[in-house]
Student: 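Before we start, here is the structure in question, set down as structure tokens.
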Amino acid sequence: MGTYDALLVVSFGGPEKPDDVMPFLENVVRGRGIPRERLLEVEAHYQRFGGMSPINQQCRDLIAAVEPTVDLPIYWGNRNWHPYLEDTLRQMAADGVRRAAAFVTAAYSSYSACRQYIDDIALARAAVEGAPEIVKLRHYFDHPGFVAAMVEHTREAIAELPAEHRDAARLVFTAHSIPTSMADTAGPHGGAYEAQLRRTASLITAELGGDRLWDLVWQSRSGAPHIPWLEPDVCDHLREVDAPAVVLVPIGFVSDHMEVVYDLDVEAVEVAGEIGLPLVRAATAGTHPRFVSMIGELLAEPEPTACAGTCCPAPPRRPAQPAGTGAGRQG
């Protein structure tokens, strides 16, 4: 069991008022040569929801739910918006924290879901005198707590369908698309991102019972058209799926942030309406009690072995790569 004197929740961050949106997006895409017109398009997605991403409030809600379950002070730092990781580590150092466990709000292996957070933590520590040691907790894509939360939310979504569609509804699991080059190098041996997502989907389906059919599809693509990304896109898949009804299950996200509320609740719902396909969307893990208790269980596990520096390498930077709904990375 690891010996920690604090828990650090690490997340993507998001704007909380209209004036935050463009500075936030510029933070996300800095150094990537994104055309201004593409940023304005993405900004419009956020402004549709009042200029606020749900992700920061959902981090606050998760922390409030976890606090009574762990005997540690909890801190919170983001990659792209306040509270920034560097500021949080500075506060931790001032509070005398020497060694903390980091829970990252991304469950899988890949550069953007894991390695980039490790690198961000290292950069923040280098900028803060006396920064605490940070130990990133393991991936939890197959943890019974995560799976149980998604099973219950999927059951609840199925129950929202008309009775005649419930037994035959197809489960369509979704996750953030990434470049195929990133997917190919995810994990120590490559291919871990997609393999882990398929494992999560199969565990959820098995718990639901029966012979229910399911697919794994992708959403929120943010790359230039000539660069291969994981496919099919969820909206393209909905137009082709052979099913009387569909339940979207966003296993690639642990909270209902912008990729979920825009790409699924707006775009995918619009496609389903156009083609007359009954569709409901399962909630993400959020503050489900089993997901909350999972964090304490991860803290009690033996300390995870640190990833090799060659695991999930950074993709090459390309100029003029468009940003997606979430400006190109998972949160």
Student: Grouping I, L, V, M, F, W and Y whenever their side-chain heavy atoms are under 4.5 Å apart, do Leu213 and Ile158 come out in a common cluster?
Tutor: no
Student: Linking I/L/V/M/F/W/Y whenever any side-chain heavy atoms sit under 4.5 Å apart, do Leu40 and Met258 land together?
Tutor: yes
Student: Mark yes or no for whether Gln47, through its side chain, and Pro18, through its backbone, hold a donor-acceptor pair below 3.5 Å.
Tutor: yes
Student: Under 3.5 Å, is there a donor-acceptor pair linking the side chains of Gln57 and Asp61?
Tutor: yes
Student: Can you tell me if Arg125 uses its side chain to pair, donor with acceptor, with the backbone of Pro132 under 3.5 Å?
Tutor: yes
Student: Return yes if some donor-acceptor pair links the side-chain N/O of Arg170 with the main-chain N/O of Asp215 below 3.5 Å, else return no.
Tutor: no
Student: Within the structure provided, determine whether Asp236 and Val217 are in side-chain contact (heavy-atom separation under 4.5 Å).
Tutor: no
Student: Return yes if some donor-acceptor pair links the side-chain N/O of Thr284 with the main-chain N/O of Asp256 below 3.5 Å, else return no.
Tutor: yes
Student: Looking at every heavy atom in both Leu25 and Tyr46, which two are closest together, and how far apart are they?
Tutor: CD2-CE1, 4.0 Å
Student: Checking the side chain of Ser177 only, and the main-chain atoms of Trp218 only, is there a donor and an acceptor separated by less than 3.5 Å?
Tutor: no
Student: Please determine which of Leu279, Val246, Val249 meets the side chain to side chain contact (heavy atoms under 4.5 Å, CB included) test together with Val172.
Tutor: Val246
Student: Are Arg98 and Asp5 within salt-bridge range, i.e. N to O under 4.0 Å?
Tutor: no
Student: Answer yes when Glu297 and Arg290 have at least one side-chain N-carboxylate O distance shorter than 4.0 Å, and no when they do not.
Tutor: yes
Student: Could you tell me whether Glu26 and Arg30 have a side-chain N and a carboxylate O separated by less than 4.0 Å?
Tutor: no
Student: Tell me whether Met294 is reachable from Ile63 by hopping between hydrophobic residues (I, L, V, M, F, W, Y) whose side-chain heavy atoms are closer than 4.5 Å.
Tutor: yes
Student: Do Thr105 and Ser255 touch side chain to side chain, with heavy atoms closer than 4.5 Å?
Tutor: no
Student: Any heavy-atom pair between the side chains of Tyr108 and His139 that's under 4.5 Å?
Tutor: no
Student: Given the rule that I, L, V, M, F, W and Y join up when any side-chain heavy atoms are under 4.5 Å apart, are Phe12 and Ile118 in one cluster?
Tutor: no
Student: Please evaluate residues Leu39 and Met22 with respect to the criterion side-chain contact (heavy atoms from CB on, under 4.5 Å), reporting the C-alpha separation (whole Å), side-chain torsions for both, the decisive distance (0.1 Å), and the verdict.
Tutor: CA-CA 8 Å; Leu39 290 184; Met22 188 55 71; 4.0 Å; yes
Student: Of all heavy-atom pairs between Val234 and Leu248, which one has the smallest distance, and what is that distance?
Tutor: CG2-CD2, 3.9 Å
Student: Can you tell me if Gln196 uses its side chain to pair, donor with acceptor, with the backbone of Ser109 under 3.5 Å?
Tutor: yes
Student: May I ask you to decide if Ala169's main-chain N or O and Arg212's side chain share a donor-acceptor pair within less than 3.5 Å?
Tutor: yes
Student: Run the numbers on Phe103 and Leu299 for side-chain contact (heavy atoms from CB on, under 4.5 Å), then give the verdict.
Tutor: CA-CA 9 Å; Phe103 174 80; Leu299 285 167; over 6 Å; no
Student: Do the ring planes of Phe146 and Phe291 sit parallel (below 30°), tilted (30 to 60°) or perpendicular (above 60°)?
Tutor: tilted
Student: Output yes when a side-chain donor or acceptor of Arg166 lies under 3.5 Å from a complementary backbone atom of Leu161, and no otherwise.
Tutor: yes
Student: Using every non-hydrogen atom in the two residues, find where Arg115 and Gly309 come nearest and quote the distance to one decimal.
Tutor: NH2-CA, 3.8 Å
Student: If you draw a 6.0 Å radius around CD in Glu270, do more than 12 non-hydrogen atoms from other residues or ligands fall strictly inside?
Tutor: yes
Student: Is any side-chain heavy atom of Leu208 closer than 4.5 Å to a side-chain heavy atom of Trp214?
Tutor: no
Student: CZ of Arg199: more than 12 outside heavy atoms within 6.0 angstrom?
Tutor: no
Student: Any non-hydrogen side-chain atom of Leu238 less than 4.5 Å from a side-chain atom of Leu277?
Tutor: yes
Student: Hey, does the side chain of Arg138 reach the backbone of Leu298 with a donor-acceptor pair shorter than 3.5 angstrom?
Tutor: no
Student: Side-chain heavy atoms under 4.5 angstrom apart, residues restricted to Ile, Leu, Val, Met, Phe, Trp, Tyr: same cluster for Leu123 and Leu89?
Tutor: no
Student: To check you understand the geometry: which heavy-atom pair defines the closest contact between Ala65 and Val292, and what is its length?
Tutor: O-CG1, 3.5 Å
Student: May I ask you to test the Val128-Glu86 pair for a side-chain heavy-atom distance under 4.5 Å?
Tutor: yes
Student: Students often mix this up, so state it plainly: with edges at 30° and 60°, are the rings of Phe253 and His176 parallel, tilted or perpendicular?
Tutor: tilted
Student: Can you check whether Tyr84 and His82 have ring centres sitting under 6.0 Å from each other?
Tutor: yes
Student: If we ignore hydrogens and angles and just use 3.5 Å, is the side chain of Asp95 paired with the main-chain N or O of Val97 as donor and acceptor?
Tutor: no
